[in-house]
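Throughout, protein chains are lettered first and strands after them, A, B, ... in sequence-line order, and every chain is numbered starting at 1. Only a predicted model underlies this, so the values are computations on that prediction, with no experimental measurement involved.
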There are 2 protein chains.
Amino acid sequence: MRRVKLQIKRIENTTNIQVTFSKRRSGLIKKAYELSVLCDVDVALIMFSPSGRLSLFSGNKSIEEILARYVNLPEHERGR
Amino acid sequence: MRRVKLQIKRIENTTNIQVTFSKRRSGLIKKAYELSVLCDVDVALIMFSPSGRLSLFSGNKSIEEILARYVNLPEHERGR
DNA sequence: CTATCTATCTATAACTA
DNA sequence: TTAGTTATAGATAGATA
């Protein structure tokens, strides 16, 4: 099992990238879902897999609704 | 400290919502960052806080670039 | 309200099949 | 390859300041 602390840097092995992406993608979506429910907030998550495929998550509302909410913000509220 | 398993349902206490949102928001952004680095993929995260304020994260590219990549996908690739 | 601490829960890298 | 297991690293709820 894991014996050392994980280094956050690009994985080189192609198979390993895909396995890691698949597992962490699930974990990330789960966390996003929990946040949206616990705090009753809008969360949208857009990811492109290593092979370029799209993955989406949105809590409460649809992706389109959340993106629209973002796009419609006044300019000065959009800069992070 | 925590003695029981957390139930994923809306938190009722207002102060607690804000504290939980703040902590989990950090955790979610960290996970999104790690995924983007480990797997070298585009990740965009859009959240609205309980008070309606915007929080953004994007790995590798800007939010605008990732949203553009999403919007420009052919229709049949956009449905989750 | 904000920041830190820590016991406990959860995610997951390496492993097995 | 993909799916399941498990031990350890990592996240975090509640406590404390």
Side-chain angles (χ1 to χ4, degrees), chain A residues 1-61 63 66 70 73-74 76-80, chain B residues 1-61 63 66 70 76-80:
Chain A
M1 312 315 151
R2 210 169 358 148
R3 307 267 176 224
V4 296
K5 180 176 170 177
L6 173 71
Q7 299 300 310
I8 301 299
K9 65 176 185 184
R10 189 175 187 290
I11 296 169
E12 298 298 337
N13 178 282
T14 304
T15 301
N16 211 348
I17 285 187
Q18 293 186 342
V19 171
T20 295
F21 180 80
S22 171
K23 289 179 175 181
R24 281 182 170 259
R25 172 181 166 282
S26 304
L28 190 60
I29 288 176
K30 182 179 179 183
K31 291 285 189 188
Y33 161 75
E34 292 180 353
L35 181 65
S36 72
V37 172
L38 287 169
C39 301
D40 193 27
V41 293
D42 290 344
V43 177
L45 183 56
I46 299 174
M47 294 170 281
F48 287 90
S49 78
S51 60
R53 293 176 65 86
L54 175 69
S55 289
L56 294 177
F57 168 80
S58 61
N60 294 337
K61 300 178 184 161
I63 279 278
I66 298 174
Y70 167 70
L73 282 178
H76 67 279
E77 291 182 30
R78 282 222 295 279
R80 66 173 294 116
Chain B
M1 313 313 151
R2 211 168 359 146
R3 306 267 176 222
V4 295
K5 181 175 172 178
L6 174 70
Q7 298 300 309
I8 301 300
K9 64 177 184 183
R10 190 176 186 288
I11 296 168
E12 298 300 336
N13 179 281
T14 304
T15 301
N16 211 350
I17 284 185
Q18 294 186 342
V19 171
T20 296
F21 180 80
S22 172
K23 289 178 173 181
R24 280 181 172 260
R25 172 181 166 282
S26 303
L28 190 59
I29 288 175
K30 182 177 180 186
K31 290 286 189 186
Y33 161 75
E34 291 180 354
L35 181 65
S36 73
V37 172
L38 287 168
C39 301
D40 192 27
V41 294
D42 290 344
V43 178
L45 184 55
I46 300 174
M47 293 170 281
F48 288 90
S49 79
S51 60
R53 292 178 65 85
L54 177 69
S55 288
L56 294 177
F57 167 81
S58 61
N60 293 338
K61 299 179 186 163
I63 279 277
I66 297 173
Y70 167 70
H76 67 279
E77 291 182 30
R78 282 222 296 279
R80 64 172 301 118

Assign A/K5 to base, sugar-phosphate, or nothing according to its heavy-atom contacts below 4.0 angstrom with the strands shown. sugar-phosphate
Is there side-chain contact between A/C39 and B/R24, with heavy atoms separated by less than 4.5 Å? no
Can you run down the side-chain hydrogen bond (donor to acceptor under 3.5 Å, both in side chains) pairs that involve residues 41-54 of chain A, sequence neighbours left out, and say none if there aren't any? A/D42-A/K61, A/D42-A/R69, A/S49-A/S51
Boundaries of the chain B footprint along DNA chain D (any atom under 4.0 Å from a heavy atom): D/dA11 to D/dG14
Could you measure the distance from the CD1 atom of B/I11 to the CZ atom of B/F21? Nearest 0.5 Å is fine. 11.0 Å
With sequence neighbours left out, write down each residue that passes side chain to side chain donor-acceptor pair (under 3.5 Å) with A/N60, or none if nothing qualifies. none
Which pair of heavy atoms, one from A/I63 and one from A/F57, lies closest together, and at what distance? CD1-O, 3.5 Å
Give me the atom names and distance for the closest heavy-atom approach of B/F48 to A/V41. O-CB, 3.0 Å
Rounded distance (nearest 0.5 Å) linking atom CZ of B/R10 with atom CD1 of B/I17: 5.0 Å
Under 4.0 Å, counting only non-hydrogen atoms across every strand here, what does B/S26 touch: a base, just sugar-phosphate, or nothing? nothing
Here the gap from B/L28 atom CG to B/L45 atom CG, rounded to the nearest 0.5 Å, amounts to 5.0 Å
d(B/I8 CD1, A/L38 CG) to nearest 0.5 Å is 4.5 Å
All heavy atoms of B/S26 vs all of B/S22, minimum pair found to be OG-O, 3.0 Å
Atom pair distance, as rounded to whole Å: CZ in A/F21 and P in C/dA11: 18 Å
So, A/S36 side chain and A/Y33 main chain: donor-acceptor pair closer than 3.5 Å or not? yes
Hey, what do you get for CD (A/E34) to CG (B/L6), rounding to the nearest 0.5 Å? 7.0 Å
Under a 3.5 Å cutoff on both atom distances, Watson-Crick or G-U, what's the dot-bracket for DNA chain C ([ ] crossing, | other strand)? .||||||||||||||||
Please name the pair of heavy atoms, one in A/I66 and one in A/G59, separated by the smallest distance, quoted to 0.1 Å. CD1-O, 3.8 Å
Could you list by number each residue of residues 6-19 of chain A showing a heavy-atom separation from DNA chain D of less than 4.0 Å, or answer none if no residue does? A/L6, A/T15
Under a 4.0 Å heavy-atom cut-off, which of residues 36-52 of chain A touch DNA chain C? none
Starting from the 5' end of DNA chain D, give me the residue, A/K23 or B/L28, whose nearest nucleotide shows up first. A/K23
Round to a whole Å and report the spacing from CD of B/E34 to P of C/dT10. 19 Å
